[in-house]
Amino acid sequence: MSSFDDFDAFEASSLSARAMAARPAPYLDGLNPAQRQAVETMDGPVLMLAGAGTGKTKALTARVVHLLMTGRARPNEILCVTFTNKAAREMKNRISGMLGQTVEGMPWLGTFHSICVKLLRRHAELVGLKSNFTILDSDDQLRLLKQLVQAAGIDDKRWPARQLASIIDDWKNRALTADRVPAADAGAYNHKGVALYKAYQERLRELNATDFGDLLLHMVTIFQTHEDVLDQYQRWFRYILVDEYQDTNVAQYLWLRLLASAHKNVCCVGDDDQSIYGWRGAEVGNILRFEKDFPGAHVVRLEQNYRSTPHILAAASGVIRGNASRLGKELWTEAQEGEKVRLIGHWDGEEEARWIGEEIEAMQSGTRRMRPFSRDEVAILVRASHQMRAFEDRFLNIGMPYRVIGGPRFYERMEIRDAMAYFRLVVSPSDDLAFERIVNTPKRGLGDKAQQTIQTIARANGVSLLDGAALAVEQGAIKGKGAKALGELVVGLARWGRMTGDAAMTHMELAEVILDESGYTAMWKNDKTPEAPGRLENLKELVKALEQFENLQGFLEHVSLVMDNESDEQGAKVSIMTLHAAKGLEFPAVFLPGWEDGLFPSQRSMDESGVKGLEEERRLAYVGITRAEEVCTISFAGNRRVFGQWQSQLPSRFVDELPEEHVEVLTPPGLYGGPGGGAAMGMGSVGSTLHDRAAEANVYNSPGWRRLQERQGQRPISQPRESTSTVIDLQAVSAYTVGERVFHQKFGYGSVEGIEGDKLEIAFEKAGTKKVVARFICAADDVPF
DNA sequence: TAAACGTGGCTTTTT
DNA sequence: GCCACGTTTA
């Protein structure tokens, strides 16, 4: 449980701000004028618009230090909010570094969620909770919702509980309690969404639990309904700082505005061009509206970039210019020119992976133009995680060490969650969700029926499932070996519970005892599947992780908020990750594969969110390019397997948006029409666009292919396209008739079965029936080689 | 109760 | 094409 005395903690704080005020301010020295302004404008609202690589964390930390040094606030009077634990940790470290001592006295520097937990534990009773409430993660949440959906007699095939979960999350992100869900949303989840939301909240209250969304929403509710509480914190938090403001959702926005509305000493840092989390409730509008929300706000733009070369910045700027709703920033740098952004097209996804693998290998020893890059200076950033596979396959094949960043986190792994459910049950025996999770894990012969019996008995007696289980055993309601096993579990849990108070045993030893005596470890030892050893390994790691905590409770509290898993894997490895995961990181050399319409920008994004979705995708492109310090290589493939089906792809519209003068089009080696290969480059005549040149430089270029394109009439590819709809290449399609015999470079010969938009459905002789974009097809008697 | 089989569905992901 | 989930089947 968190301490309730933070308000008095400042006396004992390790920092005495006033004593330091007299000293000089070396932390200001390394700042450029804009950064300095952001630091020194202390009163009133400040919006720090910090482009990629412009030193925003530096400015933010300097601001905190400045507030302390000038005596404007004591360490525990500064509210400093980040989104991730990683960011919070980094800020703490940097502040300590600037101050030359550890920051003990900044209890209110943390993530939105961790700060809200602290606040909510103090005021839980105001929303009907006890201060020791538990925090459910999305897994628990889903299980709970499934039960409710089932109880309501809804066919969860047609209306998956997962969907309900995301609807409720969305409402919570928008700060909507069940009674405030607007009429427009009444139809959600087969018109039962609101009712189930109510039922869910009711159930959470019974369980004395919250989900992640509640942490914020409850605090907003409390601030809105209890003026005295709000007033207390408005006074207490003299200065407020917010990192990544473009990622705030409505609930976080309201929370901040409520806290800041009295003194308005709020400094928000963000970059509207890097808002890439709209799909999970972030509102770019929050940052775009800042000056309206806080009249008289000082807006400071950090535009000097310390990360990338001018070509890379120009390419990124060129792309992001396509977005209409922006605050507008233009990054500049004093860095030397460097390489242009490199663009290359490939035949298919596998070849793209092969080429990138070879390129990385070549880069390690350096080339005529480029310095050598070690593997850990290289990153491959993909739009969707399924793209990673091609690279993993390829890299495994050629023995290129790599690391995938992201993926399932440690605390999300099954065995870890099982183990923690045991711990939870030991610490709080009424944790029904934990009970359900482990009652039959390992197998105890307690199937659905037995579990139902337990449920019934527990409900009839108004007790927890664990107590219900004890009763069931006593009453003989469960028979056979299940009864014996259940009895042992109940007795075991009670025994382990008593052991928590045993001074003779550390909580690590206790954890081991629990896992061993419950039979959980044995379950994995007997498991012959290849994953089992790894899982045992993870369990060992889990026990090791306990070391840093005083007891199991402390550990569980921490884990529920900090799900991250900083793997300290070392060695020179190429990093592979999604664009989302790359935000905030930088690499000397970056590869951006899969720039194809439909994949990136993602079709679904555009279908579901139209222009808004496309703009977010474009920001993602911007984030991707700006991760690169020295070399940025963008690539696309003409064909890709999508859900097992081969599909022809068009290069991404973002490729068209790259300013030509900052891009160099590469030609894959060993393919038709290399540079100087005569005819191949011949088409780059007047009006040649980057896009045309990219297409020319790749594999679909050959004399026959060009003839084909001429026959079809040249498609004005680089004309600005409608942003939301795919342009249909009618000319290309109309060149064919149903029944015609055609040729495709990968699939061979086939006949046209149907025409749909710009795609042809073709029955190939060897490859089966596929839909292919007309431009990759030619008549069988016009085969290009 | 567990293994075998079939169906659908499918971005991004932190707390 | 793959994975997760649910249903059938031994």
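The chains referred to below are lettered A, B, ... by the order of the sequence lines, with proteins before strands, and numbering in each begins at 1.
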Atom pair distance, as rounded to whole Å: [atom1] in [X] and [atom2] in [N]:
| X | N | atom1 | atom2 | result |
| --- | --- | --- | --- | --- |
| A:Met219 | B:dT15 | CE | C1' | 17 Å |
| A:Lys86 | B:dT15 | NZ | C1' | 15 Å |
| A:Arg162 | C:dG6 | CZ | C1' | 14 Å |
| A:Arg143 | C:dC5 | CZ | P | 12 Å |
| A:Ile478 | B:dT1 | CD1 | P | 10 Å |
| A:Gln387 | C:dG1 | CD | C1' | 16 Å |
| A:Gln645 | C:dG1 | CD | C1' | 10 Å |
| A:Arg444 | B:dT1 | CZ | P | 13 Å |

May A:Trp279 be described as stacking on the base of B:dT11, applying a 5.5 Å centroid limit and a 30° limit on plane angle?
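Stack criterion not met.
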Candidates [options] - which lies nearest the side chain of [X]:
| X | options | result |
| --- | --- | --- |
| A:Ala581 | C:dC2, B:dT13, B:dT11 | B:dT13 |
| A:Ser605 | B:dT13, B:dT15, B:dT11 | B:dT11 |
| A:Phe212 | B:dT15, C:dC3, B:dT11 | B:dT15 |
| A:Arg641 | C:dC2, C:dG1, B:dT11 | C:dG1 |
| A:Lys443 | C:dG1, B:dT12, B:dA2 | B:dA2 |
| A:Arg280 | B:dA2, B:dT11, B:dT13 | B:dT13 |

With respect to the phosphate group of B:dT12, does any side-chain polar atom (N or O) of A:Ser385 fall under 4.0 Å of OP1 or OP2?
yes
Report yes if a side-chain nitrogen or oxygen of A:Asn85 is closer than 4.0 Å to either non-bridging phosphate oxygen (OP1 or OP2) of B:dT14; otherwise report no.
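It does not, given that no N or O in the side chain of A:Asn85 lies less than 4.0 Å from OP1 or OP2 of B:dT14.
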With a non-hydrogen cut-off below 4.0 angstrom, is [X] in contact with a base, only sugar-phosphate, or nothing?
| X | result |
| --- | --- |
| A:Leu446 | sugar-phosphate |
| A:Glu617 | base |
| A:Ser602 | base |
| A:Phe643 | base |

Salt bridge or not for A:Arg653 and A:Glu657, using N-O below 4.0 Å?
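A:Glu657 and A:Arg653: not salt-bridged.
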Please determine whether a side-chain nitrogen of the Lys or Arg among A:Asp272 and A:Arg619 lies less than 4.0 Å from a carboxylate oxygen of the Asp or Glu.
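A salt bridge is absent here (no side-chain N lies under 4.0 Å from a carboxylate O).
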Face-on cation placement of A:Arg121 at A:Phe133 ring, 6.0 Å and 45° thresholds
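So A:Arg121 does make the cation-pi contact.
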Think A:Arg280 forms a cation-pi with A:Tyr277, using NZ or CZ under 6.0 Å from the six-ring centre and within 45 degrees of its axis?
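Geometry flag: set, cation within 6.0 Å and 45°.
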Is there a donor in the side chain of A:Tyr622 and an acceptor in the side chain of A:Arg618, or the other way round, less than 3.5 Å apart?
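Their side chains do not contain a donor-acceptor pair, so the 3.5 Å distance test is not met.
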Quick one: on DNA chain B, does A:His580 or A:Gly445 contact a more 5' nucleotide (nearest heavy atom)?
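The residue whose closest nucleotide sits nearer the 5' end is A:Gly445.
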Could you tell me if the ring centre of A:His558 sits under 6.0 Å from that of A:Phe549?
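That pair passes the under 6.0 Å test.
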Same-atom distance (C1') from C:dC5 to B:dT12, integer angstrom
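The same atom, C1', in both gives a distance of 23 Å.
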